[in-house]
Amino acid sequence: MATPPTDAVNAPAQNTPRIGLLPAAGVSTSAFLLFGLQLAGWGHGLLLLSLLGAFLVSRELGKDLSLIGLGVAIVSTTSVKADVDWDRFFTIGTVLILAVSAPLLVDRLVLRRRAIRFPWLSGERWNRWQVGYIIAVPVLGWLILPYYFISSGAYENWPAITDAGALGRFLVGVNFVGTWDELFFICTCFALLRRHFGLWTANILQTIIFVSFLWELGYQAWGPLLTVPFALLQGWLFSRTGSLLYVLIVHLLFDVVVFLAIVHAHNPGAIPIFLV
């Protein structure tokens, strides 16, 4: 039987003092320092200070931000710059898996609760606007992404594909990272933040972490003009649908176009379906 949207998504579950926003913002800003600016010392220092501050404000806030911080810290142990070489393929994959699984295991086995959940379905049928958005996403990607990658030169942040094996790893990597994005940024970061803050406060905080990660991955130049609205929409959609499946389909449809657009940018004429 399908499960309804979780309380952590629908409404804050904890009576967190307003000052709790300060350490929460610190955790998000630490991700910006770590991923966006590549300032490991400052980023880890701010992360630790923010977690200490969170426990001073509220024990529950400290627990939830610590789970987010654990994932952020794990990701920061390696570069997530796009790379399809076998060693980086497995290294990045392993780190990202640990960044999702470690907070989940701590939540279940150490804290003895279920604050992190992955609600596959909400139990409700998708309405017309939800179906329409799923159709619109790849169309918008087809119109916008090739222009972004080529005009900004951001496609060069991804390696040129020279053989079928690398092409296959690239396709798998794009879909894996897209899936991980929803598991960590939405089902973990956003859902934990929603336990303490309003919808848009939590959404903005998770977006800072989300977009900072995507910047290091390769969405640079004016990429945040695309990734910020996308991250905000994913959080909002998850709060409306309560469905991991829905936001995952949206993300992976978008990522199919990302894959095709980057291959097209590196190999003009190879995929003659774009306008640019």
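- In this structure, the side chain to side chain contact (heavy atoms under 4.5 Å, CB included) partners of Trp200, at least two apart in sequence or on a different chain, are Asn203, Leu232, Trp236.
- Under the salt bridge (Lys or Arg N to Asp or Glu O under 4.0 Å) criterion, Glu216 pairs with no residue, sequence neighbours left out.
- Surrounding CZ of Arg108 are more than 12 heavy atoms belonging to other residues, nucleotides or ligands, all under 6.0 Å away.
- Looking only at side-chain heavy atoms (C-beta outward), Tyr133 and Tyr246 come within less than 4.5 Å of each other.
- With sequence neighbours excluded, no residue forms a side chain to side chain donor-acceptor pair (under 3.5 Å) with Thr94.
- Linking ILVMFWY side-chain heavy atoms closer than 4.5 Å, directly or via other members, places Ile273 and Tyr147 in a single hydrophobic cluster.
- The one candidate from Leu192, Leu205, Leu193, Val72 that meets the side chain to side chain contact (heavy atoms under 4.5 Å, CB included) condition with Leu65 is Leu193.
- Scanning for ring-ring contact (aromatic ring centres under 6.0 Å, His included) contacts around Phe35 gives an empty result, with sequence neighbours left out.
- Phe170 and Leu217 fall within a single hydrophobic cluster, where Ile, Leu, Val, Met, Phe, Trp and Tyr are joined by side-chain heavy atoms under 4.5 Å apart, directly or via other members.
- Taking the six-membered ring for Trp and the full ring otherwise, the centers of Phe213 and Phe185 sit less than 6.0 Å from each other.
- Under the 4.5 Å side-chain contact rule for hydrophobic residues, Val131 and Phe238 share a cluster.
- Asp107 pairs by the salt bridge (Lys or Arg N to Asp or Glu O under 4.0 Å) definition with Arg113, not counting sequence neighbours.
- Each ring pair (Phe, Tyr, Trp, His ring centres under 6.0 Å) pair with one or both residues in residues 50-95, not counting sequence neighbours, appears once here: Trp86-Phe89, Trp86-Phe90.
- Atom CD1 of Ile19 has 12 or fewer neighbouring heavy atoms from other residues, nucleotides or ligands inside a 6.0 Å radius.
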